[in-house]
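One structure is given here, and the rest of the page talks about it.
Whatever order the structure lists them in is the order used to number ligands and atoms, beginning at 1.
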Amino acid sequence: MRSLYADHVLERLQFMPEGTLQQRLLACMQAAIAEGIFPRATRLPATRDMARELSVSRNTVLNVYENLMSQGYVTARTGSGTWIAETLPEGCLNSPRSGDLNMPLVAKTAAISKRGASLLGHANASPYQWGAFVPGAPDVTQFPHKLFSQIQARLNREPDVDRLIYSSNGGCPHLRQALAEYLSVARSVHADADQIIITEGVHQAVDLVTRVLCDPGDPVWIEEPGYWGTRNLLRINGLKIQAMPVDEQGIRPEIASRSRAPKMIFVTPSHQYPLGVHLSLERRKQLLDLARKHKSWLVEDDYDSEFRFAGQPYPSLQGFETDAPVIYMGTFSKTLYPALRLGYLVVPKALAQPLRVAAAELYRGGHLLVQRALAEFIQKGHYMAHIRRMRKLYSQRRRFLVSLIERYLGQDFMPLVNHEAGLHLVMNLPVGCDDVAIAALALRRGVKVRPLSQYYMHPQERRGLLLGYACVDERQCQDAFGVLKACLIEAGILARPESRTVQI
Ligand SMILES: Cc1ncc(COP(=O)(O)O)c(C=O)c1O
């Protein structure tokens with residue numbers, strides 16, 4: 001007999017026509033949990049049973065459960081399966097109000113637009129981005145909070161009116177000036193302060209440029225594999241996404257003879273996300289030529305280039321040629337801390353005014369006091385000093401993690417691209433294995449890793465796990481690595497050791 005859970009999902013699926021089966025299934029279950037139809041603190045059917053009852057593959061259900069877990073809708077209890085969370089974390093869909101539960105199903109599903117359902121169906125952000133081995137999380141405890149709050153407190157004593165009203169001119173002028181100087185030296189970015197627009201991070205920058213420079217249906221290119229955060233923003237803005245493969249030289253651009261040229265090409269040239277390669281000289285030229293020929297914009301996401309631990313830093317694509325058709329984006333989420341919600345756009349002169357006006361219309365900027373304090377933090381040299389300190393720390397942590405992989409798992413698991421850079425690495429796994437199930441298993445044991453296959457739009461054979469090391473000290477790294485190794489054994493990827501205890 002089918003469970004009530006499966007019955008409800010099957011009924012609800014009919015009203016979710018958009019997206020892949022997995023996306024629709026995820027959206028159905030998110031809504032059912034948020035609305036209280038699946039009661040809090042009850043147990044979900046086992047993945048095998050749910051897959052059978054819904055007549056879908058177990059992998060599909062595993063992926064959905066793993067997504068629900070990473071978003072905080074469900075939790076795993078060792079030995080007793082997957083349970084609906086007792087309280088939904090902030091950011092989940094709203095909990096039900098009394099009375100709502102009796103609304104007919106159609107009305108409840110109709111409350112979310114197709115666009116909204118598609119966004120929720122692809123939602124992928126973890127509810128708590130901290131701990132071993134969350135990819136891309138900097139060590140936020142290392143930020144000089146005392147020093148920064150002293151700067152803020154002093155500036156706050158007599159705030160100008162200018163810092164208390166909406167920001168309408170691309171953000172705090174002092175910060176834009178400080179960034180123009182810093183980016184010129186550190187990233188070879190050529191721009192005046194008036195070409196810089198302060199944003200609430202790369203996410204907002206992507207949203208702004210796509211809304212202002214593209215129309216729904218316009219073709220855009222992204223890297224395959226690539227950052228799903230960008231992909232989701234492009235999807236919600238109605239763009240036609242084409243994924244271009246990445247090889248050891250970076251993105252491999254190809255215009256099929258009958259397809260339309262892309263309006264925008266989203267790239268991470270200095271440190272490809274997530275693989276870590278950098279865009280070769282030849283490809284840089286090829287991309288710039290292509291963009292000029294087709295009047296496309298190259299959108300450069302320079303999210304973590306400050307963290308290159310050895311060899312030459314790779315200069316930005318923006319500064320590679322004069323008047324390059326490049327929109328450059330950077331963020332303080334990696335160099336300082338994500339909750340600061342500050343980033344920047346550097347745009348060609350012709351775009352500066354329209355994008356400033358659009359940003360003010362769409363978002364009504366603010367946080368000018370923090371921006372002013374950050375300008376001083378940069379100009380007095382504290383920013384570079386912090387980056388230098390973190391570079392050393394992250395480099396040591398990276399080396400430690402790599403040494404554990406090499407020693408306890410062996411060469412076959414070593415990072416696919418072993419460049420000394422960034423806040424995460426991609427640990428190799430056997431081709432075709434189920435990296436999603438391994439990540440779900442590790443999450444149930446409290447270790448957060450991301451499966452490489454999640455970063456691809458199209459199915460492929462390559463498998464791996466993204467491991468973030470920047471916020472993980474050696475003790476935590478060693479413990480979490482031991483758990484991960486046990487998961488690999490349980491998943492049949494590693495041979496079971498003779499003795500019953502798994503040691504590293
Ligand atoms: C490739 C990439 N770009 C940008 C960001 C940061 O975005 P934001 O500045 O909005 O925090 C991330 C965060 O993980 C990322 O992985």
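Here Asp192 does not pair with Arg176 in a salt bridge; the nearest charged N to carboxylate O distance is not below 4.0 Å. Ionic pairing of Arg463 and Asp434 is not present here: no N-O contact between side-chain nitrogen and carboxylate oxygen is shorter than 4.0 angstrom.
At a heavy-atom distance under 4.0 Å, atoms from both the backbone and the side chain of Val202 approach ligand 1. Only the side chain of Lys334 comes within contact range of ligand 1, with a heavy atom under 4.0 Å; no backbone atom does.
At the shortest separation from atom 7 (O) of ligand 1 among protein heavy atoms lies His203 CD2, 3.5 Å. Summary of contacts: the protein heavy atom closest to atom 10 (O) of ligand 1 is Arg341 NH2, 2.9 Å. Regarding atom 5 (C) of ligand 1, its nearest protein heavy-atom neighbour is Tyr227 CE2, 4.1 Å.
Inclusion of Ser333 in the set of residues having an N or O under 3.5 Å from an N or O of ligand 1 is warranted. At least one N or O atom of Asp301 sits closer than 3.5 Å to an N or O atom of ligand 1. Taking only nitrogen or oxygen atoms, main chain and side chain alike, Thr331 reaches within less than 3.5 Å of ligand 1. For ligand 1, the polar-atom distance check against Gln204 finds no nitrogen or oxygen pair separated by under 3.5 Å.
Aromatic pair Tyr303/Tyr227: centroids not less than 6.0 angstrom apart.
Put simply, no part of Met329 is less than 4.0 Å from ligand 1, judged by heavy atoms.
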